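Everything numeric in this text was worked out from a predicted model, so none of it was measured. Counting starts at 1 for both ligands and their atoms, in listed order. Positions are given from 1, in the same order as the sequence printed here. Keep in mind that the numbers below use all heavy atoms, side chains included, and drop hydrogens, waters and symmetry copies.
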Amino acid sequence: MKNENIYLGSHVGLSAPDFYLGSVKEALSYGSNTFMFYTGAPQNSFRKPLSELKIQEGRKLIKESGIDESKIVVHAPYIINAANSSRLDLYEMSINTIVSELRRTAGFGAKILVLHPGSHVGMGVENGILALAKALDTALSCDGTDVKIAIETMSGKGHEIGVNFEEIKSIIDHCKLKNRLGVCLDTCHVHDSGYDLRGDLDGVIERFDKVIGLDRLLVVHVNDTKNPVAAHKDRHENIGYGYLGFDVLYRVVHHPRLQGIPMILETPYINEKAPYKQEIAMLRSGEYKENWRD
Ligand code: FE
Ligand code: FE
Ligand code: ZN
């Protein structure tokens, strides 16, 4: 079963001097046919104007290299927290940032924006879900794009919401504009939140389909994890070095029910070097090299 319909890539940078052109080149250097990036620093919402980011040059290279632009993924900055409305200034800032990120995503020609559902910070899960759903409807009703938001499954640290499929489903159900909502399944996060991907991958995928529906699955984050199942930790590990292991992650990438969905690695750098070229090659071919990090 050789490459089917697999879109596999990694997180890439967006930095001077080449910006988006550099992002595309970086992705191609790993042997990727998709990628994910932040449109600025992940931890804040300061953003350079799109006109400075060499978007036309990047998109030209995307076309020339045969990458399907609809599989490219943007990740929203993680300072956004729209699951707590007790501080109105922060809540409104989060909504404004979501709107601006949706527009920036469209400006790159991309179609999918991954968003962390956020933390209720003591308001309770149900109130967190309601606050987020309202924020999403507000943002999606005024951004003027057709970009979809992929809500990421979280590991359950602190007061995070979206830590199981039922909570994600409830967020979607509380939104009116649900045709623009989907899900990003992170293998590290769902494992850490308590789903036994290693013991029962097909069962977890079936559960996702029953509760949310696989038609909502827009992105998969392919990460190994440093912690055992249900640890609620969220520490990513290189492919084959964690509790999930190579075989499970290979089966995720090649799973017949997950074909066509962009698969993005967010595994840690090794001595300041990106591991993605090796990880992508192994996940495509199925040939795992023991101690490949050494
Ligand atoms: Fe994320
Ligand atoms: Fe992730
Ligand atoms: Zn994570």
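In summary, an N, O or S atom of His75 is located under 2.8 Å from the Fe ion (ligand 1). Among the atoms of His236, an N, O or S atom falls under 2.8 Å from the Zn ion (ligand 3).
In this structure, Arg293 forms a cation-pi arrangement with Tyr241, its terminal cationic atom sitting closer than 6.0 Å to the ring centre and no more than 45° off the ring axis.
Geometry at the Fe ion (ligand 2): OE2/Glu152 and OD2/Asp186 form an angle of 90°, nearest 10 degrees. Rounding to 10 degrees, one finds that the Fe ion (ligand 2) sits at the corner of an angle of 80° between Glu266 OE1 and His221 ND1. Seen from the Zn ion (ligand 3), atom NE2 of His189 and atom OD1 of Asp234 lie 90° apart in angle, a value rounded to 10°.
Counting heavy atoms from C-beta on, the side chains of Asp137 and Leu177 come closer than 4.5 Å.
Both Ile98 and Ile161 are assigned to one and the same hydrophobic cluster, defined by single-linkage of ILVMFWY side chains at heavy-atom distances under 4.5 Å. Residues Leu214 and Val204 share a single hydrophobic cluster, defined by chaining ILVMFWY side chains whose heavy atoms lie under 4.5 Å apart.
Comment: Arg207 does not engage Asp200 in a salt bridge, judged by the lack of any side-chain N to carboxylate O separation of less than 4.0 angstrom.
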